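Everything below concerns the one structure shown next.
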Amino acid sequence: MSGYTFVVFSKKSRNLIIEAGELIGWDKVNPDILGSMLQAVASEDKRSHLGMHYTSVPNIMKVINPLFLDDLHKEFEKAKGNETKLNNLLERMRKMKFMDPACGSGNFLIITYKEFRRLEMDIFEELGKINNSTMYVPTIDLGQFYGIEIENFAVDVTRLSLYIADHQMNLELKRRYGDVLRETLPLHKVGDIRCGNALRLDWNEVLPHEKDDEVYLFGNPPYLGYSLQSKEQKEDLKYVCDSILNYRRIDYISGWFLKATYYINNSEAKYAFVTTNSINQGEQVANLWPNLLSKSQIIFAYPSFKWSNNAKNNAGVIVSIIGMGSIQEIGQKTLFYEKMYRKVNSISPYLAEGDNTVVVKKNKSISNLPRITNGSRPVDNGNLILNYEELIQLRNQIPNVDSIVKKMVGSREFLHNENRYALWMDENDYLKFGKYSQIKERVEKVREFRLKNGKSARSVAEVPWAFFLRKEYNNNIDIYNNSNSKEMLNILVPRVSSGTRLYMPVGIFNENTLISDSAMVIYNAPFWLVGILSSTMHMAWLRAIGGKLKSDFRYSAVLVYNTFPVPELSTRRKNEIEELIGNILDIREEEGGTLAELYGSPLAAKNPKPMNPRLLEAHKELDKVVDRAYKSTDFKDDNERLALLLNMYSEMVNKKG
DNA sequence: TATCCGACAATGT
DNA sequence: ACATTGTCGGATA
């Protein structure tokens with residue numbers, strides 16, 4: 001292993017690479033392994049981890065198969081037995097060009113090169129059957145392969161790996177055809193593997209192309225959420241986005257999508273990337289996709305799946321694969337899933353069947369639902385929060401401490417029946433209770449913590465006895481269109497909850513409970529709204545439109561709740577819904593256990609736990625009634641629900657202007 | 001190590 | 001003033 005490392009770090013010139021190759025034996029080196037080994041070396045080198053995630057071969061195939069390989073294989077099948085067609089196909093392949101604008105150590109380029117050489121050999125074999133010749137000289141050339149990479153030495157690795165791949169294919173050719181082979185040496189020219197910042201370089205200068213050229217871009221560019229981007233990276237995005245608003249709130253990979261779309265605009269070129277799935281969820285969709293879809297369109301996609309490769313430290317990230325082509329292209333598009341695929345007329349930016357509709361944040365519900373708000377947020381480094389034991393202790397030490405303590409419920413407490421409490425004081429309370437050292441110490445720690453923090457936390461450092469953000473029942477009493485409702489209550493919606501559930505548990509609570517910012521609250525709401533929020537209709541919307549935390553649900557007021565279309569509900573239907581959601585709440589109590597237990601994890605990849613069957617039945621009953629409010633016949637699946645909701649959304653938003 | 005929520009900084013309106 | 005998101009982060013089974 002150290003021998004390989006030596007090769008890369010110390011032999012850069014062409015002659016030395018050849019020497020090294022002969023030394024270690026070209027045919028013994030697997031470029032995939034070489035690549036992944038060098039990745040490991042790279043991550044030990046602390047200069048940069050960005051763009052250095054090694055893409056597994058199956059994932060590379062998911063990119064290049066639909067992008068161009070499937071089509072070539074199909075052409076080949078059609079050309080079999082026809083010399084002219086076979087030669088035409090070869091001619092076409094020789095003209096194709098490829099660029100990975102974040103090539104790392106060149107995995108995509110290597111795999112593509114090998115696939116090309118193999119297909120070329122298959123074509124030779126077919127031609128041999130027709131004209132009995134065995135004199136075929138391969139013409140697929142390393143010069144057709146281009147790349148951009150920011151790490152100096154990764155560029156060297158890419159070049160070296162391409163040479164090795166070339167040599168391996170020459171040996172494979174020899175095995176198949178005996179004497180006929182192409183010599184590896186002297187080395188053939190590799191296309192431009194450029195060292196530089198892909199978001200700053202002009203891609204047309206690296207790989208110039210004409211309108212009708214068959215050029216394909218692919219790769220796995222780096223992902224980085226906006227809050228983790230460096231100043232330079234933000235500047236990169238600003239440079240690429242130009243006049244586009246909100247460049248500050250998109251993932252770093254968006255820069256590659258934008259540049260690639262500009263590159264293929266008005267040409268036959270296409271591109272496909274492995275990407276973080278967060279660019280197709282939540283607020284990023286509205287920030288990024290209208291700009292892409294005005295100049296290009298999605299031609300295929302693999303919606304969210306878990307990233308994996310054979311490296312030790314698998315990145316914990318959910319990815320998608322998206323293929324893009326020119327806006328003029330007609331014909332069906334393909335949505336790939338784990339074990340099947342679906343042909344559709346168009347793919348929406350949420351990576352489901354649908355048009356280009358993008359859901360934009362709204363400050364008020366488009367369906368006139370009562371206002372939803374985040375819970376209260378401490379920013380206290382845990383110092384204002386008490387567990388049960390700490391509360392008991394304080395009760396023993398401080399008289400009347402309960403007057404400054406509230407029961408606090410967030411997502412975890414709600415889903416797992418846990419108990420937590422918070423110190424909830426105003427200035428007068430602190431004047432009274434600050435004389436107790438137990439309280440004073442906690443409050444001082446809050447002050448210190450906030451002072452060390454960023455601007456917004458510092459601004460409340462001098463009121464350390466209070467939560468950073470206080471939300472109270474009294475502040476939220478509004479008059480809404482709830483005159484038909486029998487009952488008014490407060491609804492709790494967990495802000496983060498497992499994506500392995502069929503339904504996101506929603507609950508009700510009394511006004512003395514403090515809701516923490518890990519949950520959301522609708523104060524003073526009609527009971528039927530609990531039913532609407534618990535329905536599969538709403539889940540379909542949440543799944544598609546909401547942001548995610550890894551693969552879990554992340555509820556958002558402005559993006560999910562305020563944009564959710566609800567049709568006019570008759571009093572009779574509201575009553576029906578209230579009866580059925582009442583039934584669900586009863587069953588939860590009767591069956592016992594926590595909500596996490598009751599709802600299980602039926603969609604988990606490993607060890608799925610079933611949902612309580614009685615509860616599931618009750619939810620299905622509710623779904624029937626809610627579904628009817630939207631459509632008079634049954635829905636085939638969630639895709640159909642989403643399509644209807646998006647249509648409704650567009651109509652409602654347009655009508656409001 | 002797969003699962004499942006938590007909390008804070010940066011950023012926007 | 002207040003909401004949103006993370007090649008996030010930590011706890012737990």
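Reminder, nothing fancy here: chain letters follow the sequence lines and each chain counts from 1. Predicted model, so just to flag it, every value in this text is computed and none were measured.
Ranking dA3(C), dG6(C), dT4(C) by closeness to the S278(A) side chain, first place goes to dG6(C). Distance from the side chain of V496(A) is smallest to dC5(B) among dC5(B), dC4(B), dT5(C). Closest to the side chain of N374(A), from the set dT4(C), dA2(B), dC5(B), is dT4(C). Side-chain atoms of S498(A) lie closest to dC4(B) of the nucleotides dC4(B), dT5(C), dC8(B).
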When you compare the protein's N or O atoms with those of nucleotides 9-13 of chain C, which come within less than 3.5 Å of each other, and at what distance?
none

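Take F108(A) and apply the ring-ring contact (aromatic ring centres under 6.0 Å, His included) test, not counting sequence neighbours, and it matches F218(A). Residues passing the salt bridge (charged side-chain N to carboxylate O under 4.0 Å, His left out) test with E413(A), sequence neighbours excluded: R420(A). In terms of the side-chain hydrogen bond (donor to acceptor under 3.5 Å, both in side chains) criterion, residue partners of T513(A) (sequence neighbours excluded) are, by chain and number, N510(A). Residues meeting the side-chain hydrogen bond (donor to acceptor under 3.5 Å, both in side chains) test with R458(A), sequence neighbours left out: none. Every residue two or more places apart in sequence or in another chain that forms a side-chain hydrogen bond (donor to acceptor under 3.5 Å, both in side chains) with K407(A) is listed here: N419(A). Here Y555(A) pairs with H538(A) under the ring-ring contact (aromatic ring centres under 6.0 Å, His included) rule; sequence neighbours left out.
No engagement by R458(A) is indicated, since no non-hydrogen atom pair under 4.0 Å with the nucleic acid exists. Contact annotation for R501(A): backbone-only contact, meaning every heavy-atom pair under 4.0 Å involves sugar-phosphate atoms and none involves a base. In this structure, V379(A) reaches the sugar-phosphate backbone alone: every heavy-atom distance under 4.0 Å involves primed, P, OP1 or OP2 atoms, never a base. When heavy atoms are screened at a 4.0 angstrom cut-off, N381(A) is found touching the sugar-phosphate backbone but no base atom. Among the atoms of the strands shown, none is found under 4.0 Å from any heavy atom of K231(A). Residue-level contact check: S518(A) touches the backbone only, with heavy atoms under 4.0 Å from sugar-phosphate atoms and none from bases. Nucleic acid contact class of S516(A) (heavy atoms, under 4.0 Å, all strands): none.
Listed pair T373(A) / dC2(C) fails the phosphate criterion, with no side-chain N or O lying under 4.0 Å from OP1 or OP2. For the OP1/OP2 pair of dT3(B) and a distance below 4.0 Å, the side-chain nitrogens and oxygens of T500(A) include no atom meeting the criterion. A sub-4.0 Å separation between OP1 or OP2 of dT4(C) and a side-chain N or O of S556(A) is present. Using a 4.0 Å cut-off, no side-chain N or O of R249(A) falls inside it from OP1 or OP2 of dT4(C).
When atom types are taken as modelled, the side chain of W256(A) and the backbone of P101(A) share a donor-acceptor pair closer than 3.5 angstrom.
Using a cutoff of 4.0 Å between basic side-chain nitrogens and carboxylate oxygens, E149(A) and R194(A) are not scored as salt-bridged. A salt bridge is defined here as a Lys NZ or Arg NE, NH1 or NH2 lying under 4.0 Å from an Asp or Glu carboxylate O, and K445(A) with E448(A) fails to meet this definition.
Between R495(A) atom CZ and dA3(C) atom P there is a gap of 9 Å when expressed in whole angstrom units. Summarising the geometry, the separation between CG on L559(A) and P on dG12(B) is reported as 17 Å, rounded to the nearest angstrom. Between R248(A) atom CZ and dT4(C) atom P the separation is 20 Å, expressed in whole Å. Whole-Å rounding puts the K234(A) NZ to dA10(B) C1' distance at 7 Å. The distance between atom CG of L224(A) and atom P of dT5(C), rounded to the nearest whole Å, is 17 Å. Counting to the nearest Å, the C1' atom of dA10(B) and the CZ atom of R377(A) are 11 Å from each other. When the C1' atom of dC4(B) is taken as reference, atom CD of E418(A) falls 11 Å away, rounded to whole Å. Per the geometry, OH belonging to Y599(A) stands 18 Å off C1' belonging to dC5(B), to the nearest Å.
The side-chain tip of R200(A) points at the ring of Y239(A) from less than 6.0 angstrom away and within 45° of straight on.
Under the side-chain hydrogen bond (donor to acceptor under 3.5 Å, both in side chains) criterion, no residue pair touches residues 379-389 of chain A, with sequence neighbours excluded.
Remark: DNA chain B takes part in the stems B:1-6 with C:8-13, B:8-13 with C:1-6, each of 3 or more antiparallel Watson-Crick or G-U pairs, criterion distances under 3.5 Å.
Nearest-nucleotide mapping onto DNA chain C: of G225(A) and Y555(A), the residue sitting toward the 5' end is Y555(A). The 5' end of DNA chain B is approached more closely, in terms of each residue's nearest nucleotide, by S601(A) than by the other of I385(A) and S601(A). Projected onto DNA chain C by closest heavy-atom contact, D251(A) and D517(A) fall at different nucleotides, the more 5' of which corresponds to D517(A).
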